[in-house]
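Structure, as structure tokens:
Everything numeric in this text was worked out from a predicted model, so none of it was measured. If you read the sequence from its start, that first residue is 1, and numbering goes on from there.
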Amino acid sequence: QVQLVESGGGLVQAGGSLRLSCAASGSIFSINAVGWHRQAPGKQRELIARIISGDSTNYADSVKGRFTISRDNAKNTVYLQMNSLKPEDTAVYYCNAQGYAGVALRRLFDSWGQGTQVTVSS
């Protein structure tokens, strides 16, 4: 069982910055990929940034150039640095991770965090 906990959300004015964290815990053997998703009211959840083994990253066009995803393998934590925030970035942000966990038997996991609210005021 792998648990993900997001933190760092809050209220910020347009043009401001926030850094979200996604901390993974449990019997983790490896984390192969982590994605940040967001869901605004009345909209579908969308993938906005992803980092995979080897630190390859990709971004949705809506956040490219403003958001940066990074990871600290020693801490099993992935970050999302969000700059130049806009009111349309307001959403609940979720992290999702896939990898292998377990001590005696390693199994593939696919876990989600509980989400953290980001609100950008105009």
Applying the 4.5 Å side-chain criterion to the ILVMFWY set and letting contacts propagate, would [X] and [Y] be lumped into a single cluster?
X   : Y   : answer
Y59 : M82 : yes
V34 : V2  : yes
W36 : V92 : no

Next on the checklist: For R66, give me all partners under side-chain contact (heavy atoms from CB on, under 4.5 Å), at least two apart in sequence or on another chain.
Outcome noted: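 If we apply the side-chain contact (heavy atoms from CB on, under 4.5 Å) test to R66, skipping adjacent residues, the hits are V63, S84, K86, D89.
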
Checklist entry - With a 4.5 Å heavy-atom cut-off, do V120 and V118 have their side chains touching? => result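 Yes, side chains in contact.
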
Item to check | Heavy-atom side-chain proximity of Q117 to T90 below 4.5 angstrom | outcome: yes

Pairwise distance [atom1]([X]) to [atom2]([Y]) - rounded to 0.5 angstrom:
X    : Y    : atom1 : atom2 : answer
L20  : F67  : CG    : CZ    : 8.0 Å
C22  : W112 : SG    : CH2   : 10.5 Å
L80  : Y93  : CG    : OH    : 7.5 Å
S111 : N96  : OG    : CG    : 8.0 Å
I69  : I51  : CD1   : CD1   : 5.5 Å
K75  : S25  : NZ    : OG    : 15.0 Å

What heavy-atom pair brings [X] and [Y] nearest, and what distance separates the two atoms?
X    : Y   : answer
I31  : A24 : CD1-CB, 4.0 Å
A91  : Q39 : CB-O, 3.4 Å
L18  : L85 : N-CD1, 3.9 Å
D110 : Q98 : OD1-NE2, 3.6 Å
A33  : I52 : CB-CG2, 3.7 Å
L47  : G35 : CD1-CA, 4.0 Å

Next on the checklist: Looking at E6 and C95, would you say the former's side chain and the latter's main chain have a donor-acceptor pair under 3.5 Å?
Outcome noted: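 The answer is yes, because a donor-acceptor pair under 3.5 Å joins these two groups.
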
Next on the checklist: Within 45 degrees of the ring normal and closer than 6.0 Å to the centroid, is that where the cationic atom of R106 sits relative to Y100?
Outcome noted: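 R106 over Y100 ring: no.
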
Item to check | Partners passing salt bridge (Lys or Arg N to Asp or Glu O under 4.0 Å) against K64 (at least two apart in sequence or in another chain) | outcome: D61

Checklist entry - Pick one: which of Q114, R38, R45 meets side chain to side chain contact (heavy atoms under 4.5 Å, CB included) with Y94? => result R45

